Visitor: 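One structure follows; several queries about it will come next.
This is a predicted model, so every value here is computed, not measured. Both ligands and their constituent atoms are indexed starting at 1 by order of listing.
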Amino acid sequence: MAVRVVLVGQGLVATHFAVGVERIKKGEVEPYGVPFAKYNMVYDIKDIEIVGSYDVDEEKVGKTLYDVAIKSVGDILPVPETLKSVTVRRGIHLGSLEGLPFRVKGLEDELGSTKAAIERLVEEWKQLQPDVIVEVATTEPAKAFNDVKALEEAIERDDRRRLSASHAYAYAAYLYAKETGRRVVFVNVIPSPIARDDAVAKLFEEAESLVLGDDGATGATPLTADLLEHLAERNRYVLSIAQFNIGGNTDFLALSVPERNKMKEETKSSIVKDILGYDAPHYIKPTGYLEPLGDKKFVSMHIWWKTFNGLEDELVVNMRINDSPALAGLLTDLVRIGKALVERGVKGTAYPVNAFFMKDPGPRGARNIARIRAYYQLLDYLREKGVIK
Ligand code: NAD
């Protein structure tokens, strides 16, 4: 049985995912960076099949995944020919690339309304028959609705200011599940509030489907969470936390727009109070764009705390991290886990999954916990549900 996947946003993360999964299938690389790869899961990595891809960048729409991959990672990786079978389709834009230097057109412009664009997606998905839809497009400003009626009215009114593209995709996934009776998984690894939007979680619950999110936890944030847990367990009192990231990929370019940076800041900062129990002064932000660094971002961290006898200690960490492959590795688990869980009757959202994989785990108001704890809790949960044999 296959895990049929549709990707929304054919950027670096989605491309590393597509290339990496195909290379693992061919036995070219080991599944390093896939957290649960060593366990016997009901779906193997070899079961993952990419059946569709969406973008709004005119440079990508109409090209095959192979062409997109050759252009973006062809100089550093061999690109499997199997990716020639999937062509990037036009998605819903709703301003998500506004202010950035790309030539863009959304389905809503082509068809005249957001509702018509959503209906088009549903029709296409009825043909493609995905089990899992992965939202991995550019970070966009987005606000939760928390009320199904308000979300549906915004679609009905074609309120392009209020609606985010991620909400439109999530709603299309819900409609596709409802109209086909298929149990669908929507995985949101961008900062938009989707799994932590009560409206979306409720719709997915009603359609016996599952939404996972929000914002994939890779890089410095999960490491900070684990370091804070270490300090909290020893009752050391944290005086300040500074953490910044500088990168040269288009994700960092997009984050140089203040409204988008704010979205990330929100999902990154929630770890401090949740783990320590108090809001230690902190500066945790994706800080800037520096083109020569490319996808291998520079991360730096400083944590300062009070220890026994009133003395003070400090920690400094510097890293260079391949940004996009880190999230692609997590996606390789998320799509398999999502499909296995929804088939076992899990609906709405699944906190144990989100707590490990996401920076701001749904449902709304859910706590962030150290990843080292979340990992073992998730392992128990997956065994209990029969997802890991
Ligand atoms: P990217 O800029 O390389 O790719 C984003 C792609 O989305 C582009 O091809 C763009 O044209 C497309 N896009 C934009 N709006 C769209 C829309 N409305 N519909 C369809 N496609 C659309 O970025 P990336 O490095 O691949 O990151 C993707 C997302 O993943 C970002 O939102 C980022 O914040 C999130 N994320 C990344 C990491 C990581 O890289 N480690 C971690 C957590 C979250």
Side-chain angles (χ1 to χ4, degrees), residues 6-19 33 52-61 63 65 68-69 71-73 88-109 114 117-118 121 133-142 160 163-170 172 187-192 194 213-223 245 247-257 260-268 286 289 294-297 299 321-331 334 357-360:
V6 154
L7 297 166
V8 173
Q10 196 56 50
L12 266 188
V13 174
T15 299
H16 272 286
F17 173 72
V19 171
S53 161
Y54 288 81
D55 209 291
V56 290
D57 181 349
E58 294 286 40
E59 293 284 313
K60 293 179 179 169
V61 175
K63 304 253 164 70
L65 290 199
V68 173
K71 198 164 173 209
S72 55
V73 300
V88 181
R89 292 160 185 254
R90 190 177 304 286
I92 297 178
H93 179 221
L94 286 176
S96 67
L97 279 176
E98 214 170 80
L100 292 167
F102 301 104
R103 232 171 11 99
V104 180
K105 188 168 168 200
L107 263 184
E108 72 278 22
D109 303 316
T114 305
I118 290 174
L121 287 184
I133 292 147
V134 177
E135 163 60 295
V136 65
T138 309
T139 299
E140 57 177 349
R160 300 187 186 189
L163 265 178
S164 70
S166 31
H167 276 95
Y169 286 115
V187 178
N188 175 49
V189 288
I190 76 169
S192 304
I194 298 294
D214 298 313
D215 200 9
T218 62
T221 313
L223 180 63
N245 293 257
N249 58 25
T250 50
D251 186 28
F252 275 89
L253 176 66
L255 293 174
S256 57
V257 177
R260 295 176 207 267
N261 207 318
K262 186 112 194 72
M263 292 300 299
K264 274 279 182 201
E265 205 180 316
E266 277 168 21
T267 58
K268 279 172 180 276
Y289 176 66
D295 196 38
K296 201 163 180 183
K297 67 182 180 183
V299 177
I321 295 183
N322 282 292
D323 202 18
S324 312
L327 182 55
L330 301 192
L331 286 177
L334 276 164
F357 285 104
M358 306 293 175
K359 283 196 196 89
D360 211 339

Visitor: Within the structure, does Lys359 bring an N/O atom to less than 3.5 angstrom of an N/O atom in ligand 1?
Guide: no
Visitor: Of the listed options (Asp55, Asp57, Val189), which comes nearest to atom 8 (C) of ligand 1 when hydrogens are ignored and any heavy atom counts?
Guide: Asp55
Visitor: Return yes if some donor-acceptor pair links the side-chain N/O of Ser72 with the main-chain N/O of Val68 below 3.5 Å, else return no.
Guide: yes
Visitor: Here's a test for you: under side chain to side chain contact (heavy atoms under 4.5 Å, CB included), which of Asp57, Ile190, Asp55, Leu97 qualifies with Thr138?
Guide: Leu97
Visitor: Please identify which atoms of ligand 1 are closer than 4.0 Å to at least one heavy atom of Thr250.
Guide: 1 (P), 2 (O), 3 (O)
Visitor: Could you list which atoms of ligand 1 come closer than 4.0 Å to a heavy atom of Leu327?
Guide: 30 (O), 36 (N), 37 (C), 38 (C), 39 (C), 41 (N), 42 (C), 43 (C), 44 (C)
Visitor: Under a 4.0 angstrom heavy-atom cut-off, which atoms of ligand 1 come close to Tyr169?
Guide: 17 (C), 19 (N), 20 (C)
Visitor: Does the residue Ser324 have a heavy-atom contact with ligand 1, meaning some pair of atoms that are separated by less than 4.0 Å?
Guide: yes
Visitor: Taking distance alone, with N or O pairs closer than 3.5 Å, would you say Thr218 contacts ligand 1?
Guide: yes
Visitor: Compare every heavy atom of Ala117 with every heavy atom of Leu107, then report the nearest pair and how far apart it is.
Guide: CB-CB, 3.7 Å
Visitor: For Glu140 and ligand 1, answer yes if some heavy atom of the residue is under 4.0 Å from a ligand atom, otherwise no.
Guide: no
Visitor: Which distance, rounded to the nearest 0.5 Å, do you find between the CD1 of Ile133 and the CG of Leu121?
Guide: 8.5 Å
Visitor: For Ala165, take its heavy atoms, then give the atoms of ligand 1 lying under 4.0 Å from any of them.
Guide: 18 (N)
Visitor: Given Asp323, Ile92, Leu100, Val56, identify the one with the heavy atom nearest to atom 18 (N) of ligand 1.
Guide: Ile92
Visitor: Using a strict 4.0 Å cut-off to heavy atoms of His93, name the atoms of ligand 1 that fall inside it.
Guide: 18 (N)
Visitor: What pair of heavy atoms forms the shortest contact from Leu330 to Ala217, and how long is it?
Guide: CD1-O, 3.3 Å
Visitor: At under 4.0 Å between heavy atoms, is it the side chain or the backbone of Leu97 that contacts ligand 1, or both, or neither?
Guide: side chain
Visitor: I want to know if ligand 1 touches Ala326 in the polar sense, i.e. an N/O pair below 3.5 angstrom.
Guide: no
Visitor: Looking only at N/O atoms, are Thr139 and ligand 1 under 3.5 Å apart anywhere?
Guide: yes
Visitor: Is any side-chain heavy atom of Ser192 less than 4.5 Å from a side-chain heavy atom of His167?
Guide: no
Visitor: Which of the atoms of ligand 1 are close to Ser96, meaning less than 4.0 Å from one of its heavy atoms?
Guide: 14 (C), 15 (N), 16 (C), 17 (C), 18 (N)
Visitor: What heavy-atom pair brings Phe17 and Ala328 nearest, and what distance separates the two atoms?
Guide: N-CB, 3.5 Å
Visitor: Using side chain to side chain contact (heavy atoms under 4.5 Å, CB included) as the criterion, point out the one residue from Asp251, Leu12, Val189 that pairs with Leu327.
Guide: Val189
Visitor: Grab the two heavy atoms, one from Asn188 and one from Asp214, that are nearest each other, plus how far apart they are.
Guide: ND2-OD1, 2.9 Å
Visitor: For a 4.5 angstrom cut-off between non-hydrogen side-chain atoms, does Val88 reach Glu59?
Guide: no
Visitor: Distance under 4.0 Å to a non-hydrogen atom of Asp215: what atoms of ligand 1 satisfy this?
Guide: 43 (C), 44 (C)
Visitor: Looking at Gly216, is its backbone amide N or carbonyl O close enough to the side chain of Lys359 to form a donor-acceptor pair, meaning the two atoms are under 3.5 Å apart?
Guide: yes
Visitor: Please check whether Ala14 reaches ligand 1 - meaning an N/O of the residue sits under 3.5 Å from an N/O of the ligand, judged on distance alone.
Guide: no
Visitor: Using a 4.0 Å cutoff against the non-hydrogen atoms of Lys60, which atoms of ligand 1 qualify?
Guide: 8 (C), 9 (O)
Visitor: Distance-only, no hydrogens or angles: does the Arg89 side chain make a donor-acceptor pair with backbone N or O of Gly52 under 3.5 Å?
Guide: no
Visitor: Looking only at heavy atoms of Gly91, does any of them come nearer than 4.0 Å to an atom of ligand 1?
Guide: no
Visitor: Examine ligand 1 and decide if any of its atoms is less than 4.0 Å from a heavy atom belonging to Phe102.
Guide: no
